[in-house]
K.L.:
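Have a look at the structure that comes next, please.
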Amino acid sequence: FYPQFKGAKKVDESTIDLELSDADPITPVRAWFLPIYSAKWMKENPEELAIKVVGTGPYKFVDYVKGQYVRFTAYEDYWGDKPTIKDVTYLWRKEPSVRAAMVKTGEADFAWAVGADQAANVPQPKQAATVDVVFVRLNTVDNKVLQNKQVREAMNLAVDRKGIVDKILGGFGAVASQGVPEFAIGYNKDLKPTPYDVNKAKQLVKDAGAEGAKLEYVTTKGRFARDDELAEALTNMFNAAGLSTKVTMLDNVGWRDYMYGIAPDQKHSDLFQINSGNEAGDSSQTLEPWFRTKGQRSLTADAQVDKSMDDGRKSTNMDERAKLYGQAWARLSSEFLYVPIAHLGIVHGTSKRLTWEPRLDGQVMVKEMAARPSTWTNVPSCTGRRGRACPASSCTSPSRTW
């Protein structure tokens with residue numbers, strides 16, 4: 001989020017100056033995501049930093065039981081519009097079907113990402129766009145097979161993106177031509193998804209002398225609905241082109257190690273599945289870590305991509321910035337330096353008593369939710385002879401139901 005941040009200086013009791021190592025015109029956007037803690041509290045209570053929430057939001061922390069729940073309550077002195085829901089409890093359930101069932105039975109009022117196959121099982125499914133794009137990172141730095149452009153093109157041609165969106169994502173998503181959502185600065189509207197052509201892919205692999213080349217495909221389960229099935233499908237598609245790809249399913253810790261390459265001798269995977277979010281709405285958030293030479297999570301090295309990023313990052317002219325970042329995406333596409341798959345859609349589940357609409361940026365804020373007012377209704381409950389219901393107008397024994 002903060003590639004140019006160098007430091008900060010106090011101006012007065014409520015103002016700081018952020019120091020940058022280079023020009024960055026979207027710093028105000030980046031700063032929206034910047035947590036600001038009390039330095040004194042952090043130094044004195046480092047063990048509490050991850051488990052005690054300190055902030056200025058509309059809700060205040062109540063308590064937390066590891067592996068069970070986190071509870072919040074509305075903060076009466078909040079500086080903005082007051083939330084309408086007083087008490088909030090967050091629970092964690094790994095399986096989408098379990099989350100959906102909890103909303104259906106009334107155990108919960110909101111379920112995150114229930115998945116397309118569970119949408120019909122919740123009272124109010126809420127379809128939303130996300131800021132996430134699924135793509136496969138190719139290790140073009142270490143892997144000699146992937147350094148061959150013909151192989152990279154073949155892998156792009158081998159992917160049936162529409163089939164993935166329709167069948168695995170359940171229609172909740174869209175085919176991707178690049179690694180950022182359409183609203184992001186630098187999205188290149190001239191780029192088209194690589195067409196699905198498995199026969200051409202086979203020929204390219206054969207021409208490159210890469211038939212049977214072994215590749216490791218690293219992923220994890222649970223980052224989004226049916227992500228493990230997507231990995232299996234992509235592996236089969238690459239193998240249909242003549243490669244020999246094997247899925248390695250890691251837990252979240254191992255997956256993050258592969259992503260960040262923490263140790264100097266960390267083994268990098270050949271293929272790495274990622275859903276990259278772009279909350280800032282700017283291509284730099286995705287390009288800098290994933291595609292810059294020696295970027296934090298990058299296994300790409302291309303001088304032209306780097307130059308477009310350098311020039312685009314410093315530009316204060318938004319049209320020029322968009323053009324330069326668009327050039328970076330065009331270069332990545334023409335060289336097939338990664339495999340873009342799909343823009344992720346998402347389906348949340350809500351109870352009938354909850355009023356809420358999804359945001360474009362994918363964030364879910366309880367302060368924007370409301371509970372429908374509950375009312376009592378009189379309905380007849382008595383029955384006449386032979387089990388026939390008596391007329392409501394003459395019923396003398398109504399029951400009150402919620």
K.L.:
Using side-chain contact (heavy atoms from CB on, under 4.5 Å) as the criterion, point out the one residue from V88, T350, V103, V122 that pairs with F110.
P.N.:
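Answer after filtering V88, T350, V103, V122: T350.
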K.L.:
Quick one about Q203 and D207 (side-chain donor to acceptor, distance below 3.5 Å, no hydrogens or angles considered), yes or no?
P.N.:
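Yes, because at least one side-chain N or O of D207 sits under 3.5 Å from a partner of the opposite role on Q203.
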K.L.:
Taking 4.0 angstrom as the limit, do K367 and D81 come out as a salt bridge?
P.N.:
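Answer for the salt bridge query: no.
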K.L.:
I need the single residue from N139, N143, T245 that forms a side-chain hydrogen bond (donor to acceptor under 3.5 Å, both in side chains) with D270. Which is it?
P.N.:
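With D270 as partner, side-chain hydrogen bond (donor to acceptor under 3.5 Å, both in side chains) holds for just one option, N143.
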K.L.:
If you draw the axis of the six-membered ring of Y338, does the NZ or CZ of R137 fall within 45° of it and under 6.0 Å from the ring centre?
P.N.:
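No, cation not above the ring by the 6.0 Å, 45° rule.
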K.L.:
Going by distance alone, is a donor N or O of one side chain under 3.5 Å from an acceptor N or O of the other, for Q118 and S97?
P.N.:
no
K.L.:
Salt bridge (charged side-chain N to carboxylate O under 4.0 Å, His left out) with D109: which of R353, K352, R372?
P.N.:
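Per the salt bridge (charged side-chain N to carboxylate O under 4.0 Å, His left out) rule, the option paired with D109 is R353, out of R353, K352, R372.
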K.L.:
Between K162 and D166 (salt bridge meaning N to carboxylate O under 4.0 Å), is one present in this structure?
P.N.:
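Yes, charged N to carboxylate O under 4.0 Å.
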K.L.:
How many angstroms lie between CG in D22 and CG in L20, if you round to the nearest 0.5 Å?
P.N.:
8.5 Å
K.L.:
Is any side-chain N of the basic residue among D282 and R321 closer than 4.0 Å to the acidic one's carboxylate O?
P.N.:
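Salt bridge: yes.
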K.L.:
Should L230 and F224 count as side-chain neighbours, where that means a heavy-atom distance under 4.5 Å?
P.N.:
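A side-chain contact exists here, since the closest heavy-atom pair is under 4.5 Å.
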K.L.:
Going by atom types alone, do T220 and N252 pair a side-chain donor with an acceptor below 3.5 Å?
P.N.:
no
K.L.:
Is a donor from one side chain sitting under 3.5 angstrom from an acceptor on the other, for S283 and W329?
P.N.:
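Side-chain D/A pair, S283 to W329: present.
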K.L.:
Quick one: sort the F135 and W290 rings into parallel, tilted or perpendicular, breaks at 30° and 60°.
P.N.:
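Judged by the thresholds at 30° and 60°, the geometry between F135 and W290 is perpendicular.
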K.L.:
Would you say Q147 and T140 are linked by a side-chain donor-acceptor pair, where the criterion is simply a distance under 3.5 Å?
P.N.:
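Checked: T140/Q147 side chains show no N/O donor-acceptor pair below 3.5 Å.
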